[in-house]
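Let me begin by presenting the structure, written as structure tokens, before commenting on it.
All residue numbers refer to positions in the sequence shown, counting from 1.
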Amino acid sequence: MSLERAQPAIAGAAVSLIAFGAGVAAFMPPWNAHTLASPLLATLAGIAIAVALLLHLIFVGIAARRVQRNPTMWVVLALLALPIG
């Protein structure tokens, strides 16, 4: 079981998780007044959160398939572990 085949998918999952964190950070206290003052910015941050989460789950599934694991289990595990992380 070689991880070299899964490294691009793992990198994509990491980048999408960082984008998800940036979208969530827009609603955190230092920036939430600025974000919520602009409906366009709040909408774009919400869309960025949704797209980044979807891409993260897709990349996790691709990485699981490339290392010959059950992609459904890993995607469900990633989705359930997200609030804990």
Side-chain angles (χ1 to χ4, degrees):
M1 176 173 33
S2 176
L3 290 179
E4 285 88 21
R5 291 185 55 217
Q7 282 182 348
I10 293 169
V15 169
S16 63
L17 194 60
I18 291 170
F20 175 82
V24 170
F27 293 104
M28 294 294 176
W31 301 287
N32 69 345
H34 179 68
T35 302
L36 297 176
S38 169
L40 179 63
L41 187 58
T43 303
L44 288 176
I47 291 172
I49 290 170
V51 169
L53 178 62
L54 182 63
L55 283 174
H56 178 70
L57 295 176
I58 289 170
F59 282 129
V60 166
I62 291 170
R65 184 175 300 235
R66 287 186 179 172
V67 293
Q68 298 164 348
R69 301 282 188 212
N70 184 2
T72 306
M73 181 193 68
W74 280 98
V75 168
V76 170
L77 184 66
L79 189 58
L80 293 176
L82 187 67
I84 298 170

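- If you take CG on Leu82 and CG on Leu57, they are separated by 8.0 Å, rounding to the nearest 0.5 Å.
- By the criterion of side-chain heavy atoms lying less than 4.5 angstrom apart, applied directly or through intervening Ile, Leu, Val, Met, Phe, Trp or Tyr residues, Ile62 is grouped together with Leu54 in one hydrophobic cluster.
- No chain of hydrophobic side-chain contacts below 4.5 Å, direct or via other Ile, Leu, Val, Met, Phe, Trp or Tyr residues, connects Leu55 to Val60.
- Under a hydrophobic-cluster definition in which Ile, Leu, Val, Met, Phe, Trp and Tyr are linked whenever side-chain heavy atoms come within less than 4.5 Å, directly or via other members, Val75 and Met73 are assigned to different clusters.
- In the hydrophobic clustering of this structure, Met28 groups with Leu17; members are Ile, Leu, Val, Met, Phe, Trp, Tyr whose side-chain heavy atoms approach within less than 4.5 Å, directly or through other members.
- In this structure the side chain of Phe59 never reaches within 4.5 angstrom of the side chain of Ile10, judged on heavy atoms.
- Hydrophobic cluster membership differs between Leu53 and Val15, with clusters built from Ile, Leu, Val, Met, Phe, Trp and Tyr side chains linked at under 4.5 angstrom.
- Taking both residues in full, the closest heavy atoms of Phe27 and Thr35 are given as CE2-CG2, 3.8 Å, listed atom of the first, atom of the second, then distance.
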Determine all donor-acceptor pairs shorter than 3.5 Å in which one atom belongs to a side chain in residues 36-48; sequence neighbours excluded.
unit_1	atom_1	unit_2	atom_2	d
Ser38	OG	Leu41	N	3.2
Thr43	OG1	Pro39	O	2.8

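- Looking at Arg66, its side chain does come within 3.5 Å of a backbone N or O of Arg5 through a donor-acceptor pair.
- Nearest heavy-atom pair, Ala52 versus Ser16, reported as atom, atom and distance to 0.1 Å: CB-O, 3.5 Å.
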